[in-house]
**Student:** 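One structure, pasted below without further comment.
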Amino acid sequence: MIPTIFLTIIFLAVTLSLWKEGLWACLVMLLNVLLAATVATAWFEWVVGVLEPRMSSYTYFLDSIAWWGVFAIVLVAAREATDRASRTRVKFRRPVELFGAPVAAAAVGWIVTAFTAASLHVAAVPRDIVQPTPEARMFFGLAPDRKWLQWVRGSTLHGPFANPGPGRRNAFDPNADFILRYADRRAALEAEPGLRVDPK
């Protein structure tokens with residue numbers, strides 16, 4: 001129930017805050033958020049692999065830090081690039097603006113909601129807080145986390161972010177077991193006496 005309320009607030013907050021910015025701003029933000037969220041999801045495990053040897057006692061925090069850190073860095077860079085490249089707003093006819101702005105804003109809201117839902121799986125929280133079982137579907141049964149993970153997996157296997165080399169070793173979640181792996185990881189966290197591993 002708590003994840004559903006949290007995700008609903010995020011969806012409404014993002015959608016309503018962007019809606020008033022207009023269709024052009026929503027479309028630009030849609031591209032920026034899609035790029036940043038996809039890169040963050042596809043590469044956060046690599047970032048964790050780089051950080052973990054230096055910060056091994058914080059192992060359960062690193063996933064979330066890397067997930068949201070990469071997202072923030074890419075989003076800021078993409079926003080800066082699009083702001084510089086598109087200094088003039090494109091004006092749309094009023095009917096297009098009135099219909100398109102809320103649709104585009106809701107699309108951004110959905111991507112952020114799906115990305116956030118997927119991020120809950122890597123959070124340093126007890127296993128059952130995210131989902132009672134790994135097979136459960138969150139957010140009114142819409143399962144935005146599963147849809148997001150499928151998008152990133154597909155885009156790194158065959159889509160725009162795919163590795164041109166042979167094999168699937170560099171694809172994100174090649175065995176489609178992300179949710180189960182991180183459910184087991186959260187279960188292991190519950191068995192730890194503290195959030196830090198071997199605190200010094």
Side-chain angles (χ1 to χ4, degrees), residues 1-44 64 67-123 125 129-132 135-161 172-173 176 178-179 182:
M1 187 62 178
I2 292 174
T4 299
I5 295 170
F6 175 62
L7 294 174
T8 302
I9 291 170
I10 287 177
F11 176 76
L12 292 175
V14 171
T15 301
L16 295 175
S17 65
L18 280 176
W19 186 343
K20 62 182 180 182
E21 297 292 324
L23 178 56
W24 179 249
C26 289
L27 291 174
V28 171
M29 186 56 78
L30 176 65
L31 294 175
N32 290 341
V33 168
L34 182 61
L35 174 66
T38 302
V39 170
T41 308
W43 287 91
F44 88 97
S64 290
W67 184 286
W68 286 103
V70 174
F71 174 76
I73 291 168
V74 176
L75 183 60
V76 168
R79 182 66 191 265
E80 181 66 21
T82 53
D83 284 351
R84 289 177 182 272
S86 175
R87 295 184 184 276
T88 305
R89 281 180 166 237
V90 175
K91 293 191 179 293
F92 297 93
R93 292 182 182 274
R94 186 159 177 76
V96 175
E97 181 75 36
L98 290 175
F99 177 76
V103 171
V108 178
W110 176 254
I111 291 171
V112 173
T113 301
F115 177 73
T116 304
S119 78
L120 295 177
H121 292 287
V122 303
V125 296
I129 284 182
V130 178
Q131 291 174 298
E135 297 78 19
R137 298 170 66 86
M138 65 171 67
F139 198 57
F140 308 110
L142 296 174
D145 55 331
R146 294 175 188 276
K147 290 178 175 60
W148 181 252
L149 295 172
Q150 288 169 356
W151 154 256
V152 179
R153 180 172 183 266
S155 64
T156 56
L157 278 173
H158 311 293
F161 299 94
F172 170 76
D173 193 26
F178 182 92
I179 291 175
Y182 279 90

**Student:** Quick one: do Trp148 and Thr38 satisfy side chain to side chain contact (heavy atoms under 4.5 Å, CB included)? Show the steps, please.
**Tutor:** CA-CA 9 Å; Trp148 181 252; Thr38 302; 3.5 Å; yes

**Student:** Looking at side-chain heavy atoms only, is the closest gap between Ile179 and Asp145 below 4.5 Å?
**Tutor:** yes

**Student:** Residues two or more places apart in sequence or in another chain: which of them pass side-chain hydrogen bond (donor to acceptor under 3.5 Å, both in side chains) with Arg79?
**Tutor:**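 So Arg79 forms a side-chain hydrogen bond (donor to acceptor under 3.5 Å, both in side chains) with Asp83.
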
**Student:** With a 6.0 Å cut-off (strictly less than), is the heavy-atom count around CH2 of Trp68, excluding the residue itself, greater than 12?
**Tutor:**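 For Trp68, atom CH2 is crowded (more than 12 foreign heavy atoms under 6.0 Å).
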
**Student:** Looking only at heavy atoms, which two atoms of Ala78 and Leu35 are closest? And how far apart?
**Tutor:** CB-CD2, 4.3 Å

**Student:** Can you tell me how far the OG1 atom of Thr41 sits from the CG atom of Leu149, to the nearest 0.5 Å?
**Tutor:** 7.0 Å

**Student:** Taking distance alone, no hydrogens or angles, what donor-acceptor pairs closer than 3.5 Å link side-chain atoms of residues 70-77 to residues at least two apart or in another chain?
**Tutor:**
none

**Student:** May I ask you to decide if Phe172's main-chain N or O and Thr156's side chain share a donor-acceptor pair within less than 3.5 Å?
**Tutor:** yes

**Student:** Show me, pair by pair, the donor-acceptor contacts under 3.5 angstrom made by side chains of residues 2-17, not counting sequence neighbours?
**Tutor:**
from  : atom 1 : to    : atom 2 : distance (Å)
Thr8  : OG1    : Thr4  : O      : 2.7
Thr15 : OG1    : Phe11 : O      : 2.8
Ser17 : OG     : Ala13 : O      : 2.9
Ser17 : OG     : Val14 : O      : 3.0

**Student:** Might you point out which heavy atoms bring Asp173 and Arg153 nearest each other, and give the distance in Å?
**Tutor:**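 Minimum heavy-atom contact is O-NE, 2.9 Å.
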
**Student:** With side chain to side chain contact (heavy atoms under 4.5 Å, CB included) as the criterion, how do Leu34 and Trp151 come out once you've worked through the C-alpha distance, each side chain's angles and the decisive distance to 0.1 Å?
**Tutor:** CA-CA 11 Å; Leu34 182 61; Trp151 154 256; 4.0 Å; yes

**Student:** Side chain to side chain contact (heavy atoms under 4.5 Å, CB included) for Thr82 and Leu31? Distances and angles first, verdict last.
**Tutor:** CA-CA 10 Å; Thr82 53; Leu31 294 175; over 6 Å; no

**Student:** Return the set of residues passing side-chain hydrogen bond (donor to acceptor under 3.5 Å, both in side chains) with Glu80 (not counting sequence neighbours), or none when no residue passes.
**Tutor:** Arg84

**Student:** Give me the atom names and distance for the closest heavy-atom approach of Gln131 to Met138.
**Tutor:**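 Looking at all heavy atoms of both residues, the closest pair is CG-CE, 3.9 Å.
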
**Student:** For residues 90-115, which side-chain N or O atoms pair as donor and acceptor with protein atoms under 3.5 Å away, sequence neighbours left out?
**Tutor:**
from   : atom 1 : to     : atom 2 : distance (Å)
Glu97  : OE2    : Leu23  : N      : 2.7
Thr113 : OG1    : Gly109 : O      : 2.7

**Student:** Restricting to non-hydrogen atoms, name the atom on Ser155 and the atom on Val152 that form the minimum distance, rounded to 0.1 Å.
**Tutor:** OG-O, 3.0 Å

**Student:** Step by step, work out the side chain to side chain contact (heavy atoms under 4.5 Å, CB included) result for Val122 and Phe44.
**Tutor:** CA-CA 10 Å; Val122 303; Phe44 88 97; 3.8 Å; yes

**Student:** Please give me the minimum heavy-atom distance between Lys147 and Leu142, naming the atom from each residue.
**Tutor:**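 Here Lys147 and Leu142 meet closest at NZ-O, 2.6 Å.
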
**Student:** Who passes ring pair (Phe, Tyr, Trp, His ring centres under 6.0 Å) against Tyr182, sequence neighbours left out?
**Tutor:** Phe178

